Amino acid sequence: MARVRLRLFASARDAAGRADDELEASTLAEALAAARAAYGPAFSEVLDHARVWVNGDEPPDGESAVLADGDEVAVVPPVSGGAR
């Protein structure tokens with residue numbers, strides 16, 4: 001298992017009650033499952049509509065992407081708004 005940093009932005013951060021965390025997971029799917037279990041249904045709902053990046057990029061293998069020690073997983077929900 002790899003030790004990875006989880007970074008949460010906007011509504012993902014609000015739903016989890018924190019901006020970052022550390023997880024142990026072998027794949028992106030395992031990391032996201034651990035986050036869902038830790039942060040509950042409100043976080044899971046946000047995650048269902050968020051983009052997930054590993055080390056700044058969308059992983060080409062999706063949730064089956066293999067993680068390594070020190071990787072950063074970022075959860076970036078859609079953002080709307082702006083000035084008129």
Side-chain angles (χ1 to χ4, degrees):
M1 288 226 175
R3 188 150 189 83
V4 300
R5 181 174 182 209
L6 178 68
R7 298 197 58 209
L8 306 172
F9 296 91
S11 57
R13 178 188 58 232
D14 295 342
R18 60 179 44 215
D20 59 39
D21 201 354
E22 287 192 7
L23 301 172
E24 289 193 11
S26 297
T27 64
L28 181 56
E30 288 178 11
L32 297 178
R36 286 179 191 274
Y39 307 131
F43 176 80
S44 289
E45 187 173 323
V46 172
L47 186 56
D48 287 342
H49 304 286
R51 296 185 94 161
V52 178
W53 296 340
V54 177
N55 299 324
D57 292 311
E58 288 187 81
D61 297 333
E63 289 190 14
S64 63
V66 175
L67 300 175
D69 281 330
D71 280 352
E72 182 177 274
V73 175
V75 177
V76 185
V79 179
S80 65
R84 288 182 164 205

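Any value given below was found using the heavy atoms of this structure, including those in side chains, with hydrogens, waters and symmetry copies removed. Here the structure is a predicted model, which is why all the values come from computation and not from measurement.
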Tell me, with the steps shown, if L6 and Y39 meet side chain to side chain contact (heavy atoms under 4.5 Å, CB included). CA-CA 12 Å; L6 178 68; Y39 307 131; 3.9 Å; yes
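Rounding to the nearest 0.5 angstrom, the gap separating the CG atom in D69 from the CE atom in M1 is 11.5 Å. To the nearest 0.5 Å, atoms CZ (R5) and CG (D21) are separated by 10.0 Å. Atom CD of residue E24 and atom CG of residue L67 lie 12.0 Å apart, to the nearest 0.5 angstrom.
Within a 6.0 Å radius of CZ in R3, other residues, nucleotides and ligands contribute more than 12 heavy atoms.
Residues F9 and A74 approach most closely at CE1-CB, 3.9 Å, considering heavy atoms. When all heavy atoms of A35 and F43 are compared, the closest pair comes out as CB-CE2, 3.7 Å. Looking at every heavy atom in both residues, A50 comes nearest to P78 through CA-CD, 4.2 Å. Here the closest heavy-atom approach between residue A2 and residue A68 is recorded as CB-C, 3.4 Å. The nearest pair of heavy atoms linking A31 to A25 is N-CB, 3.5 Å.
The side-chain contact (heavy atoms from CB on, under 4.5 Å) test with V54 singles out one residue from V66, D61, L28, and that residue is L28.
Sorted by first and then second residue, the pairs that involve residues 41-50 and meet side chain to side chain donor-acceptor pair (under 3.5 Å), not counting sequence neighbours, are R36-D48.
Hydrophobic clustering of Ile, Leu, Val, Met, Phe, Trp and Tyr side chains at less than 4.5 Å, counting indirect connections, keeps V46 apart from L8.
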